[in-house]
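Computed over heavy atoms, backbone and side chain alike; hydrogens, waters and symmetry mates excluded. First listed ligand is number 1; within each ligand, the first listed atom is number 1.
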Amino acid sequence: MLLLIPGPVTTRPEVRDALTRDIAPWDNDFRVFMARLLSRIQCLAGGNDSEHVTLPLQGCGHFVTEAALRTFLPPGGRILIPETGAYGNRMIRLAREAGRVAVPLPVGLGTRTDPSAIARALSEDPSLSHVGLVYSETGSGIVHDVGAGGAAVRSAGRRIIVDAVSAFGALPLDLSAMPEVDAAVFTANKCLESLPGIGFAVARIDRLPACEGNAGSWSFDLANIYSTALRDGPGSFRFTPPAQILAALDVALDFLEAEGQGARLARYTANMRTLYDGVAELDLTPWLPASVQGPVIVNVHAPDDPAWNLRAFVDSLKSRGFLISNFFTTPTPTFRVGCIGAITPADMAGAVRAIDAALREIGVTHREAILA
Ligand SMILES: *Cc1c(COP(=O)(O)O)cnc(C)c1O
């Protein structure tokens, strides 16, 4: 079964094989392993040891995003968050429920965030200390220009938190050139092509000491993760880590380093193109125009046919070996297909054939979009 969902993704068997051992995470050998793993990740983020530290947090992407918001903003602190789609909205909710003030910046769902709109909003409201930007908006499939957004934040003298969860490993990130970034956050189970259970924040060292005590949560305090690691040594953890998941990630990083970030992005882009052009040839309508379609996930308009039924469609695709999301995150009905993971354009061509067959099986004859 191929997982064509935007995380957790299809992984290589070598990555999954790393789960078959018992590992003692408090052992000295594990610390050495972990310190090396963190430095490999930091390198991929373009971080450098004098300015950056890579902080691991057990759990999913929402956890590490919330931890970054709680750590770098004090209670009541104000953050501008472009409403890029489902994940921009999630960042807004995480900030609000943590007692921070999230100020939404309206962004058309089918457009990239305009850096000059960020600049304008920051100049109009000096009380905004931060911007929170989703790099790859997994709701729509659009990749936002983090470099240009960051530059606007830098000229305004503010700070930025980057949700790179569905970007990191494939889309470029060079934190050494982006001193305005307090933290970029991501997980192991998307473009790193590993398994779920661990998140990371690559954070600015110079910002962390002043942030100790902001979080209002011991579990989600990145400054405390940092100070504890300084005390206990590189590669140490505060609480039990998912050791096997980290062992799997180490194997996945071998594959990423061998492939190269640029080649991985090219492969995902070819996956996306094969799917995007393939569904168009089936008379289906992709939700985004090709000019803004990113490489991570493609939404396709649901066909305007009374026989359309997302669940039946998903089940039929599953019986053909392709698993897609059983929900959509767009305002109008769509189905969503992930283009990331250990998959190739040939797999995507197979998925297109399976989509054609599944539509026939559930009795859809009219494939034009529902454009209500
Ligand atoms: C997947 C994702 C998250 C968080 O996902 P979890 O389910 O919490 O791991 C956050 N932001 C973006 C952009 C994502 O794609």
> Using the six-membered ring wherever Trp is involved, compare the ring planes of Phe239 and Trp218 and label them parallel, tilted or perpendicular (cut-offs 30° and 60°).
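Judged by the thresholds at 30° and 60°, the geometry between Phe239 and Trp218 is perpendicular.
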> Tell me, which protein residue and heavy-atom name are nearest atom 9 (O) of ligand 1, and how many Å apart are they?
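Going by distance alone, atom 9 (O) of ligand 1 is nearest to Gly61 N, 2.8 Å.
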> Suppose I only count heavy atoms of Val134 and a 4.0 Å limit; which atoms of ligand 1 are within that range?
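Listed by number with element, the hits are 13 (C).
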> With a 4.0 Å cut-off, would you call Arg120 and Glu124 a salt bridge?
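Salt bridge: no.
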> Starting from atom 1 (C) of ligand 1, find the nearest protein heavy-atom neighbour and note its residue, name and distance.
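Looking at atom 1 (C) of ligand 1, the protein heavy atom closest to it is Lys190 NZ, 1.3 Å.
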> Cys60 heavy atoms, cut-off 4.0 Å: which ligand 1 atoms fall inside?
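Heavy-atom distances to Cys60 below 4.0 Å select 6 (P), 8 (O), 9 (O).
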> Taking the side chain from Arg320 and the backbone from Ala351, do they hold a donor-acceptor pair closer than 3.5 Å?
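Absent.
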> May I ask you to identify the nearest protein heavy atom to atom 8 (O) of ligand 1, giving residue, atom name and distance to one decimal place in Å?
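Scanning the protein heavy atoms, the shortest distance from atom 8 (O) of ligand 1 goes to His62 ND1, 2.5 Å.
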> Any idea which protein heavy atom is nearest atom 11 (N) of ligand 1, and the distance to it?
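Among all protein heavy atoms, the one nearest atom 11 (N) of ligand 1 is Asp163 OD2, 2.7 Å.
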> Of the protein's non-hydrogen atoms, which lies at the shortest distance from atom 15 (O) of ligand 1, and what is that distance?
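The answer is Thr138 OG1, 2.4 Å.
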> Do the side chains of Arg353 and Asp356 get close enough for a salt bridge, i.e. N-O under 4.0 angstrom?
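Looking at Arg353 and Asp356, the cut-off is not met.
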> Applying a 4.0 Å heavy-atom criterion (strictly less than), which segment of Ser136 is in contact with ligand 1: side chain, backbone, both, or neither?
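Only the backbone of Ser136 comes within reach of ligand 1.
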> Mark yes or no: Arg12 above the aromatic ring of Phe255, with NZ or CZ under 6.0 Å from the six-membered ring centre and no more than 45 degrees from the axis.
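Output yes; distance and angle both within limits.
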> Under 6.0 Å from the six-membered ring centre of Tyr276 and within 45° of its axis: does the NZ or CZ of Arg273 meet both?
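Flagged: Arg273 positioned over aromatic ring of Tyr276.
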> Do Asp182 and Arg207 meet the salt-bridge criterion of a basic N to acidic O distance under 4.0 Å?
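Here Arg207 pairs with Asp182 in a salt bridge, since their nearest N and O are under 4.0 Å apart.
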> Would you say Thr65 contacts ligand 1, with heavy atoms under 4.0 Å as the rule?
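Flag not set, Thr65 not near ligand 1.
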